[in-house]
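Accompanying notes for the structure given below.
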Amino acid sequence: MARTNSIYQEEVIPTPLRHIWLNFISYPMAMLGLWVFVAFLVITIIAPFAAPYSPELQHPNALLYPPSWHDDGQVSFFLGTDDLGRDILSNLLHGARTTFGSSLIVTIFAAFIGIFLGILSGMSRGLKSSILNHILDATLAIPSLLLAIVLVAISGQTLTNVMIAVGIALVPQFMRATHTAVHHELTREYVVAAKLDGANQFQIFYNVILPNILNALIVQFTLAISIAIIDIATLGFLRIGAPAPTSEWGTMLADGVDLIFIAPWNVTFPGMAIFASVLAVNLIGYGLQRAVKEGFG
Amino acid sequence: MWFYIARRVNLFVFTVAVLYFLVFLMINALPGELATNLSGVQNPDIAQYDEIVAQYQLDKSWFNQYISFIKQRIHGDFGISFGNGQSIFNDMLTLLPATIELCVYAMVIALIFGLPLGILAAVHYNKFGDFFLLGTSLIGYSIPVFWLGVIAIMYFGLDLQWLPVAGRLNLLYQVDPVTGFTLIDIYLSNIEYKQLAYKDAFAHLIMPTLTLAVIPATVVIRITRTTMLEELNANYIKASQARGLHPLTIIFHHALPNAMQPVLAQISLQLSTLLTSAMVTEVIFSWPGIGQWLIQATYQQDFPIISAGILVCAGFVILVTVVSDVLLIATTPQRRSAVNGSN
Amino acid sequence: MTHGVTLANITGNPRITMKNWLNFVLKSCFFTGLFILAGCNPNVENSTLTPGIVYCSEGDPTSFNPQLTTNGTTTDASSYQLYNRLVEYDPALGSIVPALAHHWFINDNGKIYTFYLRKNVKFHHNENFTPTRDFNADDVIFSMNRVIDSTHPFHHVSGGSYPFFQSVGFTDIINKIVKVNDYMITIHLTEKDASFMANLAANFAIIQSQEYGQQLIEQQRQSDIDNIPIGTGPFILDSYFPNNHIRYKPNQHYWNGAPTIEQLVFDITPKSTNRIAKLMTGDCDVSALPQSSEIEIIRQNKKLELQIQTGLNVAYLGFNTEKAPFDNPKVRQALAHAINKQAIIEAVYYGSATMADSILSPLSWAYNDDLAPYKYDVDKAKLLLEQAGYSNGFTMSLWAAPVQRIYNPNALKTAELIQGQLALIGIKVNITTLGWNVFIEKLNDYDYDSVLMGWTADNADPDNFFRPLFSCAAVLSGGNRVNWCDDDFDEVLNKAIASTDEKYRLPHYLNAQQSLNELVPLIPIAHALRFQVKRRNIKGMSLNPYGGISFAKAYRKQAKTSKQEAQ
């Protein structure tokens, strides 16, 4: 395709990455996901400044206020209050830092570690590869929740430990995806060609394999973010996540279940927040997948 | 093929050994006395302590400890729980069928609904039906399972009061747990009012199973759609179209069996995610299975139960993966060569 | 990769393919099935078809012998269901009434109690045991000596700890029990004790079978006496599935009339929301301990009925008075000023409680209404902290259990409120929580700085609030959560029970409350109203103000409507 905005008749062929981006933009749903994602990102960063109240602040005279659009609601408590008088909007905003923000951080770390290990295992052959493969299988077989439970039981219940636990549960997935992708690439003819050219392992990897697996890795990354968000929220819901005063969407949901008869908005809003963030990430992932597949058509 | 099965079994054993090693490391890392965490006996007196040391060879090297750890577990000795001092193995036998029941029914429903919808989406590619199904499956995949469960309880259980919200069976029906699967047990029992008992059990099953089935169903839809699309564009399909076969014959008799393989392969990969969702579902619906038991144990810091739970759950996943691999290979010859060749 | 050539294109028209149609049929079958199911919901008015009552209980019992504990969950599951006592307390009459003893008298110096025992009372039988004789004096002596006599073969079985009896000093006060004949015993006390009869009527003073004990010794299965119980009560234990349910069968030979229901099931449901949900959908007929937030919903639901009782209970924040800085009364007083009790009552109890200034409720005859209350005053609190030398504040642990109790429907929320309130005076609170049974056990290690607990009276005697909570004996037996042992205070309590005359006892109790108010080993927070929820068609269940729940007289009222014929 020829795109140009200069007056000269030139054919500018977009690079593969730009091509994917152009494809991505053309999917409205994926763009919606991207905008929502960016919105959450912004919230995560500015939460302490944007939240009207401190999330732990209890208002003893303002218990269980409904959202402001109800008759009994008040605009000063925009989404209502919970049964200790804490503002739900502020808690949601701060919870974004915990649930959304820390899952991003966790995924980035897990991606680095997992991809690195996956490349190592993918490039190796024979017995070493086989052993790594089986360790991978065994770790993948352990449900992520159980892994998190054990790690929290061993090292105590703090936000850092929860993040580490979820990260450790994510690493095998990255490893597996990278390993498969690298292995797939290694069977290609151009790798053989490069080897015949005299490239060593590192050069083969950096120049030949990496560009081709990048797409699969990006898709895996978005998938991992959504898994991380849900895992952290699930741990919070089961009350083995971040401890009491920390706001977290899953914990807010669990607290809301106790009030489900008289104040159902305590359940709806955190749930919608989790749902929206995961949906946004999944939309982005889906858009990327399609963009990559239709990349060069 | 037997060679492949032997290889697979070999790998299974090795993977399980690695799993035991990981759990062994975990138990060593847990706070508290190693002897207590391994056997479940809190504050053992001298005789009991000596017995534990002998059983788990705690006075020898870590490798001996690891081997005797495996030996104890294989013989069914998972220790006793901190909470009520009961044998963990016996508790597990009663609870495991409940979780398996939930997972199996959910998977079956996911397949029953997912396969046809996936085929539908593939057939209507790039049209409204496709987008609609894709969108629905994305939404379903993004809903956290605990939120879905709570909303379902709120709406169907409390607002409309159509369905019960907790447990497997109204407790006034005294059904002896012979197999652990409620419907079979009702059949085998000799209570009066079996019809009502079936209805009651079924009513209790609906919400947890459907809640659990949502995520696997969306995965099945997406994968079926992808593989069906690939198949439908293969040359042999075009050839059969050219030959004039009826579209339905083409879909069911030719394309679907080939498209099924990746779907079934994916199912076993999804199993550990399914177990996680099942555990959360059990907690929400008070379903008496392994998941709820494990979560309770976490609150009470009951380490023997936690480590036993990991062994059982992960072992179960590995077993199902291996079995489904073998079945797949046994039924589809073309995969064998690929497997034999690579690693 | 184009997908231009698809089946839809080839076949041409977007008509309904068979797959579409199959889908449609499947979905419509599913929904139809759902509707049919909803219509024929067997849980609605199923009186003739599932005879029995299901009770939603809040937790697992620790054993089936209430002698071993003061835990309300255990006593609910065992005391009134499986056993009887020598005497009982009738709340309607406000006095002690006969049970296994049909007549008694106390001699002039108040030290010898004579009991005439009821005849023709039969013990339960189960797979392992069939009684060969009726209840008689041997069983009374067996049960009571188990608690007080350390040479009794069952004294050390199941732990050897009898917290209620230890805290009221049973071992010291009972000199000997004499069997006069098969149906008459005398109990000789070492000194007068006005609360003795009331203690014999408590939940915990049950009578077990001596014959069963004998058999278990021969079979070397002594712990069965508390796990596979045999008593004289209206129900027999049929099966127990931990964390799931307890099943009871009626005792057809019960001396006070066999229960009319065919089975009784305790459905163990720790979360209150689930209990109410089960109540509403009919999976449960009676439920324990609703949360205050659910009271309104229950009131509005036509099928449910709410029973309310003013509570002889107290919720308190107790300090570990042996641990610094809580060994300093000034610190405790400072915290007392920093707690906003009104806020807690509104947020946790939704107003269904009265603020507590003393551990006794204003309903008690021994209540001291001259106490100087600790008003909510943050500045005074800070001042007192400074005087005690902690102007920079400190960190403390606060233990709270994640279950509802009669005195506190939500200890975790209370803990969070207190955390927020103490932060205002510079104290950082770390909340620790564990499963209820583990919690109770770990409390005995006294590792905590403070704990949110409470107490429900077992009888109308004010002594029931003091000795089990504050006596030195109670530190050993585990009821004294504030780790407080003051010999002078014990002296006051002992004097108070030396007479049965209220006029004589009152000044001692006023004195005791005054001391507690000055030294503040615990901060009383609230006296909660007691609630019990049940479905409207369950009758015969009265609410016992002293805790404990009995299904002996419960029955399900048949709804004689045309629905029965339709089904």
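In what follows, every chain begins at residue 1, and chains take the letters A, B, ... in the order their sequences are listed. Computed over heavy atoms, backbone and side chain alike; hydrogens, waters and symmetry mates excluded.
- Heavy atoms of B/Leu30 lying under 4.5 Å from chain A belong to its backbone as well as its side chain.
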**OP:** Report the C-alpha distance between A/Phe237 and B/Val150 in whole Å, list the side-chain angles of each, state the deciding distance to 0.1 Å, and finish with yes or no for side-chain contact (heavy atoms from CB on, under 4.5 Å).
**Re:** CA-CA 11 Å; A/Phe237 178 75; B/Val150 169; 4.3 Å; yes
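- Of the atoms belonging to B/Leu134, it is side-chain heavy atoms, and not backbone ones, that fall under 4.5 Å from chain A.
- Contacts between A/Phe275 and chain B at a heavy-atom distance below 4.5 Å involve backbone atoms as well as side-chain atoms.
- B/Phe303 touches chain A through its side chain: at least one heavy atom from C-beta onward sits under 4.5 Å away, while N, CA, C and O do not.
- With a threshold of 4.5 angstrom between heavy atoms, A/Val267 approaches chain B through its backbone and through its side chain.
- For B/Phe21, no part sits under 4.5 Å from any heavy atom of chain A, backbone or side chain.
- The contact between B/Met26 and chain A is made by backbone and side chain atoms together, counting heavy-atom distances below 4.5 Å.
- Summarising the geometry of B/Ser142 relative to A/Asn282, their closest heavy-atom pair is OG-ND2, 2.9 Å, with the distance given to 0.1 Å.
- Taking the side chain as every heavy atom from C-beta outward, A/Met29 and B/Leu138 never approach each other to under 4.5 Å.
- In this structure, the portions of B/Leu19 lying under 4.5 Å from any heavy atom of chain A include both its backbone and its side chain.
- Contact annotation for A/Leu147: only side-chain heavy atoms (C-beta onward) come within less than 4.5 Å of a heavy atom of chain B.
- For B/Ile153, no part lies near chain A; criterion is any non-hydrogen pair under 4.5 Å.
- Both the backbone and the side chain of B/Ile143 come within contact range of chain A, with heavy atoms under 4.5 Å apart.
- Residue contact with chain B, scored on non-hydrogen atoms closer than 4.5 Å, involves the backbone and the side chain of A/Leu238 alike.
- In the displayed structure, B/Phe132 atom CZ is contacted under 6.0 Å by at most 12 heavy atoms of other residues, nucleotides or ligands.
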